[in-house]
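Fair warning: this is a prediction, and the values are worked out from it, not measured in the lab.
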Amino acid sequence: MKLNYKIIFHFLGLLMLFNGGFMLLSSLVSYIYKDGVSLQIFLAGLATLFLGAIAMVFTKNHTKEMNKREGYIVVSFGWIIMSLSGTLPYVFTESIPSFTNAFFETMSGYTTTGASILNDIEAVPKGVLFWRSLTHWIGGMGIIVLAIAILPLLGIGGMQLFAAEAPGPNADKLHPRITDTAKRLWLIYFGYTAAETLLLSAAGMSFFDAINHALCTLSTGGFSTKNASVAYWNSQPIIQYIIILFMFLAGTNFVLSYFAFKGKVQKVINDEEFKLYFKFVAIFTIIAALIIYFRADVSASSVNHPMVWGEGESAFRHALFQVLAIITTTGFVTADYTMWTPFLVVFFFGLMFLGGSAGSTSGGVKVVRHLILIKNGFLEFKRTLHPSAILPVRYNKRAISGDIVFNILGFFILYMLSFIIGSLGFSILGIEFKSAIGLAASTLGNVGPALGDYGPINNYAPLPSLGKWWASFLMLIGRLELFTVLILFTPFFWRNR
């Protein structure tokens, strides 16, 4: 079957219309704050809208059927097109004049990685900072899922796209119709964002800082409006606790949030992935807090106003914040955790491979995959003793098919291979070992802060140009769960069948 190129370009045009619309919103913010770049952002939005409209007009007579291959192409190239067009506000305003740097910042935004090349964030115009945060928010739930909600207007079914875009191995549906699922997910996403904005404002943040941090928290992104990130508010613990709460929610399966709002709390409590996610956060926080309290000097590693409410509270808060920030791949920082003893450096590096829940906006491997791998590993011991026994892996009291287990095993192997190849790619560019493996783990897992020269209080500006393109590729495949992008590099994908 030949690829339906018209529907592919039609959909890419639709994505550019979305992008252009959000740019116009950013130009409005720029105008309100009178930062002097509203016209440039407005022109960037018009250019994006124009290109999107042309693509849609020239492909309006497309066949309204999309198969799986076309779905993968739209998702992968959709992310690239969004990132390419998303550079325009940076380039037009000259906030980031280098195209390589602008593309890196935009890809980091849409993939919710949060790695930045900006040396002085607070000097950037407010309209550009808002656009930067919006790229996180758009990418967090997935611009593709947003578009699915309006696909019925175009007469196109969107299940193929949801399968390629939905984060995690199990795309639980809230409603039989995929468009209704997308609408409900976005409603929860928008509601959480609004709630966090109001709470942060009430806690003492300026409204501008509050809405930007809410956009970046719910997307598990990590861009901040301050050079010191969330460490800027180390003297206001309540602000950090609010962000902690919403990082936890953002790393939870959004389907569970829907069930909770419907009063089905038991379904949330009994969910195996949620229970393991909660246990991981609790256990790792206790370990980190104890080591910080007894061994680490938080005041030496903190960027701003370190000690408040006493050492015990400070150790607990910093530990909980950083554990959640890394597990959920949000990437905010309250201190330089690479100064918290060598054990904690390795500890946090390991957490980069964990990831949040499936169906959340987190990156990484995802908790449910680790859960199934652990269960399957224990069953292998039983299968060794009882080779004739039928011992299926069970998840939420249901037997999982062997295909799903093999898919997860394949994903994990591919993820580790990508990490190794990613590390080699950085080392070829002359980056030392600690920084290279930190960069690979962070970009592939969409975490943000890495290790060594690219740690929590540094940024990615010193990375060579080739390194930034390599990092952008790793961010893309990590965000789209490897298979979606890497399948495009296989020869059989492009064969007409």
Side-chain angles (χ1 to χ4, degrees), residues 22 75 78-79 82-83 107-115 132-149 161-162 164-172 174 181-197 211-224 243-258 260 273-274 277 281 324-332 351-352 354-369 442-448 475-482 484:
F22 282 114
V75 170
W79 229 265
M82 294 287 284
S83 296
M107 181 61 81
S108 177
Y110 283 118
T111 57
T112 71
T113 304
R132 185 169 170 259
S133 300
L134 266 183
T135 58
H136 266 345
W137 198 74
I138 297 164
M141 183 59 72
I143 188 67
I144 310 297
V145 177
L146 172 63
I148 285 170
L161 291 180
F162 190 75
E165 156 58 16
N170 58 330
D172 273 327
L174 313 178
T181 295
K183 288 172 186 173
R184 282 164 172 76
L185 290 173
W186 268 94
L187 187 62
I188 294 166
Y189 192 55
F190 181 83
Y192 277 156
T193 306
E196 186 182 359
T197 302
I211 192 168
N212 276 272
H213 282 84
L215 292 171
C216 298
T217 304
L218 267 301
S219 60
T220 63
F223 282 155
S224 177
I243 293 173
I244 283 168
L245 170 64
F246 284 95
M247 279 197 294
F248 180 82
L249 291 173
T252 307
N253 191 333
F254 274 71
V255 175
L256 296 183
S257 290
Y258 175 79
E273 184 186 29
F274 177 77
Y277 169 60
V281 172
L324 262 174
I326 295 175
I327 286 179
T328 63
T329 71
T330 306
F332 284 139
L351 293 187
M352 290 182 186
L354 192 55
S357 304
S360 72
T361 56
S362 299
V365 177
K366 303 290 190 304
V367 173
V368 69
R369 288 195 178 100
S442 180
T443 52
L444 188 63
N446 308 128
V447 177
M475 287 189 273
L476 178 67
I477 65 172
R479 175 62 182 88
L480 297 181
E481 307 249 317
L482 303 183
T484 306

[X] [atom1] to [Y] [atom2] distance, which is reported to the nearest 0.5 Å:
X: K366; Y: L354; atom1: NZ; atom2: CG; value: 10.5 Å
X: L249; Y: E196; atom1: CG; atom2: CD; value: 9.0 Å
X: L187; Y: F190; atom1: CG; atom2: CZ; value: 9.0 Å
X: T361; Y: F254; atom1: OG1; atom2: CZ; value: 5.0 Å
X: I326; Y: M352; atom1: CD1; atom2: CE; value: 5.5 Å

Taking all non-hydrogen atoms of both residues, which atom of [X] and which atom of [Y] are closest, and how far apart?
X: I188; Y: S257; answer: CG2-CB, 4.0 Å
X: Y192; Y: F246; answer: O-CE2, 3.5 Å
X: S219; Y: L215; answer: OG-O, 2.8 Å
X: T220; Y: T328; answer: CB-O, 3.3 Å
X: T112; Y: G139; answer: CG2-C, 3.9 Å
X: A250; Y: S362; answer: O-OG, 4.2 Å

Inset, instruction - Sort out for me which residue in L476, T113, T330 forms a side-chain contact (heavy atoms from CB on, under 4.5 Å) with N446. - result: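 Result: among L476, T113, T330, T113 is the only option passing the side-chain contact (heavy atoms from CB on, under 4.5 Å) with N446.
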
Mark yes or no for whether [X], through its side chain, and [Y], through its backbone, hold a donor-acceptor pair below 3.5 Å.
X: R132; Y: S224; answer: yes
X: T217; Y: I243; answer: no
X: S442; Y: G448; answer: yes

Legend entry - S360 and Y277: side chain donor to acceptor below 3.5 Å: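 There is no such pair between these side chains.
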
Legend entry - N253-S357 side chain donor-acceptor pair, cut-off 3.5 Å: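 Judged by distance alone, the side chains do not pair up.
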
Legend entry - Partner of H136 by ring pair (Phe, Tyr, Trp, His ring centres under 6.0 Å), out of F223, F22, Y189, Y110: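 Among the candidates, only F223 passes.
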
Legend entry - Pair T252-E273, side-chain contact (heavy atoms from CB on, under 4.5 Å): steps then yes or no: CA-CA 9 Å; T252 307; E273 184 186 29; over 6 Å; no

